[in-house]
Amino acid sequence: DVKVTQSSRYLVKRTGEKVFLECVQDMDHENMFWYRQDPGLGLRLIYFSYDVKMKEKGDIPEGYSVSREKKERFSLILESASTNQTSMYLCASSFPHWDTNEKLFFGSGTQLSVL
Amino acid sequence: AQSVTQLDSQVPVFEEAPVELRCNYSSSVSVYLFWYVQYPNQGLQLLLKYLSGSTLVKGINGFEAEFNKSQTSFHLRKPSVHISDTAEYFCAVSAHTGGFKTIFGAGTRLFVKA
């Protein structure tokens with residue numbers, strides 16, 4: 001089974017802290033994504049990466065950065081956490097094409113609370 | 001750039017009634033279209049997707065969706081819902097270019113009542 005593993009299920013941080021969210025996939029997928037999910041707003045794309053060391057901004061990149069040094073790992077960094085970054089963060093991965101067998105594979109999510 | 005609009009934030013419906021969840025998208029390039037479902041306290045699962053060919057696609061659990069290019073819509077339908085269909089449904093679009101990034105709508109919460 002494909003696995004997308006997010007390092008923490010729940011995380012509590014203080015305002016101003018630097019926060020790292022880690023995501024690892026075992027399917028050799030080129031594409032990796034970070035979304036945040038908020039009630040009434042759905043999933044909003046923060047950043048995505050289509051290759052090692054490649055990244056592109058999504059719709060809401062402000063206050064976030066990412067790192068992809070190895071193909072299987074995609075990290076989301078909150079440089080200085082703020083309360084409005086309290087959210088569920090979802091990592092996903094996929095191949096860079098769609099066919100009958102392809103889809104986004106999601107991790108189980110990290111619920112981040114910034115106090 | 002692509003965007004997705006799910007026209008209903010909540011849809012209450014009685015068990016065994018038909019349901020339609022509406023999705024419109026905008027894009028300057030050709031797209032692939034998806035519906036994902038999230039059951040309470042669970043992760044997202046792919047329900048169905050449109051890649052090409054027949055505009056009517058069938059998915060899991062009796063759901064189907066119709067791609068309408070002229071109306072830029074991809075509405076999800078089920079002829080008879082069950083209590084177990086209570087979940088949040090997300091429409092998503094992925095462009096044929098730009099690394100195939102996938103953009104989601106805000107979601108529609110389907111609530112099936114007995």
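Letters go in sequence order (proteins before strands), and every chain restarts at 1.
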Atom group of Gln10(B) that falls short of 4.5 Å from chain A, counting heavy atoms:
neither

So if I take each residue of residues 11-22 of chain A and look for any heavy atom under 4.5 Å from a heavy atom in chain B, which residues do I end up with?
none

Identify which of Glu30(A), Gln37(A), Met54(A) forms the greatest number of heavy-atom pairs closer than 4.5 Å to chain B.
Gln37(A)

Please check if Phe14(B) and Leu21(B) belong to a single hydrophobic cluster, counting links between Ile, Leu, Val, Met, Phe, Trp and Tyr side chain heavy atoms closer than 4.5 Å.
no

Going by residue number, which parts of residues 105-114 of chain B are within reach of chain A, meaning a heavy-atom gap below 4.5 Å?
Gly105(B), Ala106(B)

Under a 4.5 Å side-chain heavy-atom rule over Ile, Leu, Val, Met, Phe, Trp and Tyr, are Tyr89(A) and Val24(A) clustered together?
no

Side chains of Gln38(B) and Phe106(A) in contact at under 4.5 Å (non-hydrogen atoms)
no

Under 4.5 Å between any side-chain heavy atoms of Tyr36(B) and Leu104(A), yes or no?
yes

Using modelled atom types and a 3.5 Å cut-off, is there a donor and acceptor pairing between side-chain atoms of Tyr35(A) and backbone atoms of Phe104(B)?
no

Given heavy-atom pairs under 4.5 angstrom as the criterion, report whether the side chain, backbone, both or neither of Asp59(A) touches chain B.
side chain

Check Leu44(B), Thr102(B), Leu47(B), Leu46(B) against Lys103(A) for a side-chain contact (heavy atoms from CB on, under 4.5 Å) and give me the one that passes.
Leu46(B)

Do Val4(A) and Ile46(A) sit in the same hydrophobic cluster, where Ile, Leu, Val, Met, Phe, Trp and Tyr count as joined when their side-chain heavy atoms come under 4.5 Å apart?
no

Under 4.5 Å between side-chain heavy atoms, counting indirect links through other Ile/Leu/Val/Met/Phe/Trp/Tyr residues: same cluster for Met27(A) and Trp34(A) or not?
no

Hey, any chance Tyr32(B) and Val93(B) share a hydrophobic cluster, counting ILVMFWY side chains that come within less than 4.5 Å of each other, even indirectly?
yes

Identify which part of Leu43(A) has an atom lying under 4.5 Å from any heavy atom of chain B, answering side chain, backbone, both or neither.
both

